[in-house]
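Any value given below was found using the heavy atoms of this structure, including those in side chains, with hydrogens, waters and symmetry copies removed. Just so you know, ligand 1 is whichever comes first in the structure, and atom 1 is the first atom listed for that ligand.
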Amino acid sequence: MFELRCIECDAKYSSSEIIYRCHCGGLLEVNLDLDLIEVTREKLRRRRFNLWRYREFMPVSKHAKIISLEEGGTPLYKADRISERIGIKELYVKNEGANPTGSFKDRGMTMGVTKALELGVNAVGCASTGNTSASLAAYSAKAGIKCYVLLPSGKIAMGKLAQAILHGAKVIGIRGNFDIAFKLIQQASRAFNIYLLNSINPWRLEGQKSEAYEIIDQLDFEPPDRVILPVGNCGNISAIWKGFKEFYETELIDEMPQMTGIQAEGASPVVTAVKSGKDKIEPIENPETIATAIRIGAPVNASKALKAIKESSGTAEAVSDEEIIDAQKLLARTIGVGVEPASASSIAGLKKLVESGEIDKSERVVCITTGNALKDPEAILSHYKKPVEIEPSIEELERIIRR
Ligand SMILES: *Cc1c(COP(=O)(O)O)cnc(C)c1O
Ligand SMILES: [Zn+2]
């Protein structure tokens, strides 16, 4: 029914094996037998709207104990005030900040932690820029297994750090950036039998591909021309592209969107590779951006992401921190959607690509906003006008109101 397959050399591995990379070093992906999947739009529509609506596409065994917080089923808003502003025909915002712990990582973790139980492990772990750890902490708590998270010390948005602590994960600060923490957790996972739930884990991406299914479902099975999202470790864009391909191959849709990845200027190895037509990235030593969720210099799933962009005739673009904050403000103040900085890069990228003419004004576009504003209140408090403070008198208040 399903197995692991190396995307480089096509080697196959059993789904009951704990393995994160092929012996050749290539990334693994889950291979489903799509011929066995019998669903229709109508059948899907009769079910509750969350990730498990698409359970035929989720590679778990029939009797698996599914660890779920009812992730997915996030809103898709029509963003008319933004499309008018940017000058594009039709724009939708898929708000992944509405997931249980406030980011799309929950889609990965319902699958990943369910798989961890199937494999019989009793400890899971990850390195994280914040959201992965927040999500894994919550799902492992629900599953009743141990959770270790390695975080770049002092570089984690406050909300995310608080969540990992709240849900009882063993939180370990690392003096180094994400890429360094990720190297360490990979070693630790082998040495101490910790099941690794970073996005190198192919099962996790199986959950995240549901973002594609939902977008199609919410647009009445009329695929958009383009999907734009922030790109850090490159798992999500790869997962979503896989989702579209699976709906295409099972004939639920007959067209697929162009995948467009946005990175921050200070952390944009994928953009550099795409623009120079390379199929490999050059890692960046010291990535920097206000968008901490995508502050990653050596994205582990880069080869999958570059494939997704190429196969879909998509593109990639880099945006500045200033453009990110402007886009965050635009989302918050025209359509009422509060997002963390990384998420706003999708809108910032759309704006830039429309201005440069790379995106045609007649397109139907979906921007994915990946994480909730409350994740990173400091980014807001340090980049926006502070509230005024006055003595409690009606005269002073009048002065402010009439100003
Ligand atoms: C994890 C994350 C990203 C990046 O996703 P990748 O799969 O690492 O490319 C973007 N935005 C937010 C809010 C995230 O939490
Ligand atoms: Zn291989």
Lys242 with Glu29: basic N within carboxylate O range, under 4.0 Å: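 Salt bridge flag = no for Glu29 with Lys242.
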
Using only atom types and a distance under 3.5 Å, with no angle test, would you say the side chain of [X] pairs donor to acceptor with the backbone of [Y]?
| X | Y | answer |
| --- | --- | --- |
| Asn233 | Gly235 | no |
| Gln163 | Thr101 | yes |
| Asp179 | Gly297 | yes |
| Arg53 | Leu44 | yes |
| Asp220 | Glu222 | no |

Check this for me - ligand 1, [X], N or O atoms closer than 3.5 angstrom, yes or no?
| X | result |
| --- | --- |
| Asn236 | yes |
| Gly232 | yes |
| Gly235 | yes |
| Ser343 | no |
| Asn131 | yes |

Considering non-hydrogen atoms of the protein only, which is the closest contact for [atom], and what is the distance?
| atom | result |
| --- | --- |
| atom 8 (O) of ligand 1 | Asn233 N, 2.8 Å |
| atom 14 (C) of ligand 1 | Lys105 NZ, 2.9 Å |
| atom 5 (O) of ligand 1 | Phe104 CZ, 3.4 Å |
| atom 11 (N) of ligand 1 | Thr370 OG1, 2.7 Å |

To the nearest 10 degrees, calculate the angle at the Zn ion (ligand 2) involving SG of Cys24 and SG of Cys9.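 Cys24 SG and Cys9 SG form an angle of 120° at the Zn ion (ligand 2).
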
Against ligand 1, does Cys234 come closer than 4.0 Å with any heavy atom?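 Heavy atoms of Cys234 do come under 4.0 Å of ligand 1.
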
Plane angle bin for Phe247 and Phe221 - parallel if under 30°, tilted between 30 and 60°, otherwise perpendicular: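 It falls in the parallel class, under 30°.
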
Determine the sole option in Glu96, Gln218, Glu211 for which the side chain to side chain donor-acceptor pair (under 3.5 Å) test with Thr74 is passed.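 The passing option is Glu96.
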
For Arg107, the option from Gln208, Glu206, Glu214 that meets side chain to side chain donor-acceptor pair (under 3.5 Å):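 Of Gln208, Glu206, Glu214, side chain to side chain donor-acceptor pair (under 3.5 Å) with Arg107 is met by Glu214 alone.
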
Measuring centre to centre across the rings, with the benzene-like ring taken for any Trp, is Phe178 within less than 6.0 Å of Phe182?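 Ring-ring flag for Phe178/Phe182: true, centres closer than 6.0 Å.
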
Atom CG of Asp376 and atom OG of Ser382: how far apart are they, to the nearest 0.5 Å?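 So the CG of Asp376 and the OG of Ser382 are separated by 8.0 Å.
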
Considering the heavy atoms of [X], write down every atom of ligand 1 situated less than 4.0 Å from one of them.
| X | value |
| --- | --- |
| Ala342 | 11 (N) |
| Val231 | 9 (O) |
| Gly371 | 13 (C) |

Cys6 near the Zn ion (ligand 2): N/O/S under 2.8 Å: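 Looking at Cys6, which is the residue asked about, there is an N, O or S atom under 2.8 Å from the Zn ion (ligand 2).
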
Give the contacting part of Glu96 toward ligand 1: side chain, backbone, both or neither, where contact means a heavy-atom distance below 4.0 Å.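 It is neither part, as no heavy atom is under 4.0 Å.
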
Applying a heavy-atom cut-off of 4.0 Å, say which part of Ile294 lies close to ligand 1: side chain, backbone, both or neither.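 It is the side chain that gets close, since no backbone atom is under 4.0 Å.
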
